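Structure record follows, encoded as structure tokens.
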There are 2 protein chains.
Amino acid sequence: MVTIRDVAKKSGVSVATVSRVLNANGYVHEDTRKKVMAAVDELKYSPNEVARSLYKKKSKLVGLLLPDITNPFFPQLARGVEDEMQKGGYRILFGNSDENAEKELDYLNTFIQNNVVGIISATNNKAKNNYRDLSIPVVFLDRTSTDYPSVYADGKEGGRIAAEEIVKRGSKRITILKGPAHIQPAQDRFQGALEVLSQSNIDFHVMSTTSFAFEDAEKWAKELFATYPDTDGVLASNDIVATAVLHEALRLGKSIPVELQIIGFDDIPQSSLLFPSLSTIRQPAYEMGKEAAQLLVKIINQEKIHQQQVQLPVTFIDRNTTRKVDTNG
Amino acid sequence: MVTIRDVAKKSGVSVATVSRVLNANGYVHEDTRKKVMAAVDELKYSPNEVARSLYKKKSKLVGLLLPDITNPFFPQLARGVEDEMQKGGYRILFGNSDENAEKELDYLNTFIQNNVVGIISATNNKAKNNYRDLSIPVVFLDRTSTDYPSVYADGKEGGRIAAEEIVKRGSKRITILKGPAHIQPAQDRFQGALEVLSQSNIDFHVMSTTSFAFEDAEKWAKELFATYPDTDGVLASNDIVATAVLHEALRLGKSIPVELQIIGFDDIPQSSLLFPSLSTIRQPAYEMGKEAAQLLVKIINQEKIHQQQVQLPVTFIDRNTTRKVDTNG
DNA sequence: AACATATATGTAACCGTTTACACATTTAAG
DNA sequence: CTTAAATGTGTAAACGGTTACATATATGTT
């Protein structure tokens, strides 16, 4: 390993001067600068970030904690975070929490032990006090919070829109699939939908689900049609569940969207490739990741923050699991 | 921040003793150990990994470089790697390369600068010499290599199986969608399929594609049916492309699998949720990630390695875009 | 010419660990 | 009872950077 001392020796100056050249601070003569840079090139020197981090008590690392990268919604988020952080010269220390408090704490610990400059967390754990006495800035992602900086999509509005759109398109016996209780965004969606439907004169059922896993989703789907066979509209808790519902409905020979309309949530990439392609409420996942990263970088740089909470808009994506709206009605 | 010095002071011993307690090496009296542990608990001390890493010249960090986490095949790999590394107490420094040599080099640099103990790379870049003079162990994942440790699925065999299965099921005018030239595994699949089809007396076409992106995939699909409208069997370069083909075929009103059979590659999670669900060649992505992590950990620990190259088997997943095989014929 | 200021560079302390080495005390062995 | 080995602990030097401080020279100002 070539160190700053080797560079100093080769260029005939002190380590302090080399450091000044590398960090472009303090006075250093142009000739000296060139000599040093020549030595740097020749020796292929690149500074040890660990030593830097130790002295400065700050690394160029950012902790990213997601529930599960295997859930198709999160790669987009992760990519948004990464792309933005990359620009600022930050790198990502990554972990999956599985919404498990112990794992989460474990990762927060590693983050701290590795001197990360900031943390982006998308977990929905109740154990918020894990974050309470952190001296490192945290931004929550895909999770509402009034006391922490956070970036999220307007889930409640999404729920409202979904309900309005499915009603507008003529569903009369709607089933809302309510997502896991501990996932705040899922509850927001549900509340939004509930608000609209309860103020309408439409029949509806609520069915509670406890996970977003593929395998479970197929079970809920079967159960849904067994319990409420005359349902003609489903508001799914997310696109995975919606896909399972679609799958099951087609298996049962239902004609979509004629007999049954389905609206998902998230707009994961593969939703557009289903057949029929899935109508859904789009969350701008990539942008959410970017926004979170930008917000965190601002906080790290102690810039003035206008909005601690960034709420991004959701949009209805009108594909083929919903009927065309009757413009005469 | 509470340091080892604070613990030493509180427990009335030297830092060396505290260090010995924490690392359970060297002699330390049981009473002393207890005193120290009490102080550790009381002060909620947890060692600074950066300082440790600086002295030891080794961190507990592993670099993971993937082409693009947004491609649904990679989250599984990543998760396999993470779960296994987690067990060994290692954490993940993560990056997307976009198969871009500059980004790749950039990440390798950060990995080194941060004293990672090892690297897992799933990029297919030609710039192999980036890895040539690395003093850190590297395991390649989803990428064949004779001169480096690597973990991959048997792509060629997968290609063969796909071709055999589609022929066995009666397709007569087959189109092979050949994946991007620089992606080695894609070429292996293609070679396998080509081998079988060229030895058969079945008509087939080859169509070259240059990416695995969702948006592009739909273009290839349209082009495929415009160019070869009488195709009755498609061997897709992966499940994303297969999904696009399926989508387009349904849009054109083709009956699947009666008029057209499709076999994908990878078995990404959503393939089973398509309608009709996608027949495909399964790569055990999660296991591949785990294997790569295990191999890397072994190398790090200087254990004896029996096999530098780990090839995992692929399997045909017989779903509904292929016909049932005629057991009488 | 005298003095202040800007420029240029080096020395050494520091960041929070680990560990080589020194030293003291106990325990074991003969 | 002597001596060697095992046990227990502390001091200080690393690890590879950054920076406060000291010092020296160059430049500018009156």
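A, B, ... follow the sequence lines: proteins, then strands. Residue 1 opens every chain. These numbers were taken from a predicted model, which means no experiment stands behind them.
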Using atom CG of B:Leu22 as one end and atom P of C:dT19 as the other, report the distance to the nearest whole Å.
-> 12 Å
Just call it for B:Ser19: base, sugar-phosphate, or nothing, with non-hydrogen atoms closer than 4.0 Å on any strand.
-> base
For B:Asn48 and C:dC15, is the shortest distance between a side-chain N/O and OP1 or OP2 below 4.0 Å?
-> no
Scan A:Thr3 against the nucleic acid and name what it touches under 4.0 Å (heavy atoms): base, sugar-phosphate only, or nothing.
-> sugar-phosphate
Atom pair distance, as rounded to whole Å: NZ in B:Lys58 and P in C:dT19 = 13 Å
Any side-chain hydrogen bond (donor to acceptor under 3.5 Å, both in side chains) involving residues 59-76 of chain A? Give me the pairs, sequence neighbours left out, ordered by first then second residue.
-> A:Asp68-B:Arg79
Name the residue closer to the 5' end of DNA chain D, choosing between A:Lys56 and A:Val50 according to the nucleotide with the nearest heavy atom.
-> A:Val50
How long is the line joining OH of B:Tyr55 and P of C:dA20, in whole Å?
-> 6 Å
Please report, rounded to the nearest Å, how far the P atom of C:dT18 is from the CG atom of B:Leu54.
-> 12 Å
Contiguous Watson-Crick or G-U pair runs (3 or more, under 3.5 Å) in DNA chain D | C:1-30 with D:1-30
So, A:Asp188 and A:Arg143, do they make that salt bridge, N to O below 4.0 Å?
-> no
What class does the angle between the rings of B:Phe94 and A:Phe94 fall in, given that below 30° is parallel, 30 to 60° is tilted and above 60° is perpendicular?
-> tilted
Remember a base hit wins even if backbone is also touched, and classify B:Thr32 as base, sugar-phosphate or nothing at under 4.0 Å, heavy atoms.
-> sugar-phosphate
Looking at A:Tyr27, does the NZ or CZ of A:Arg20 lie under 6.0 angstrom from its six-membered ring centre and within 45 degrees of the ring axis?
-> no
Do you see a donor-acceptor pair shorter than 3.5 Å between the side chains of A:Asp106 and A:Thr110?
-> no
Nearest-nucleotide pick for A:Val28, side chain only, options being C:dT9, C:dT11, C:dT18 | C:dT9
Any donor-acceptor pair under 3.5 Å from A:Ser11 side chain to A:Val7 backbone | yes
Spacing of A:Lys35 atom NZ relative to C:dG10 atom C1', expressed in whole Å | 13 Å
For A:Gln86 and B:Tyr107, test the side chains for any donor-to-acceptor distance below 3.5 angstrom and give the result as yes or no.
-> yes
Within a radius of less than 6.0 Å around NZ of A:Lys10, do more than 12 heavy atoms belonging to other residues, nucleotides or ligands occur?
-> no
Select from B:Thr17 and A:Arg5 the residue whose nearest nucleotide in DNA chain D is closer to the 5' end of that strand.
-> B:Thr17
Across the strands shown, which category fits B:Val13 at heavy-atom distances under 4.0 angstrom: base, sugar-phosphate, nothing?
-> sugar-phosphate
Is a salt bridge present between A:Lys290 and A:Glu287, judged by a nitrogen-to-oxygen distance below 4.0 Å?
-> no
Distance-only side-chain donor-acceptor flag, B:Thr144 / B:Gln184, under 3.5 Å | no
Atom NZ of B:Lys57 and atom P of C:dT19: how far apart are they, to the nearest Å?
-> 13 Å
Report the distance from atom CG of B:Asp6 to atom P of C:dC15, rounded to the nearest whole Å.
-> 11 Å
Taking atom P of C:dT11 as reference, at what distance in whole Å does atom CZ of A:Arg20 sit?
-> 11 Å
Leading and trailing nucleotides of DNA chain D with any atom under 4.0 Å from heavy atoms of chain A | D:dG16 to D:dT19
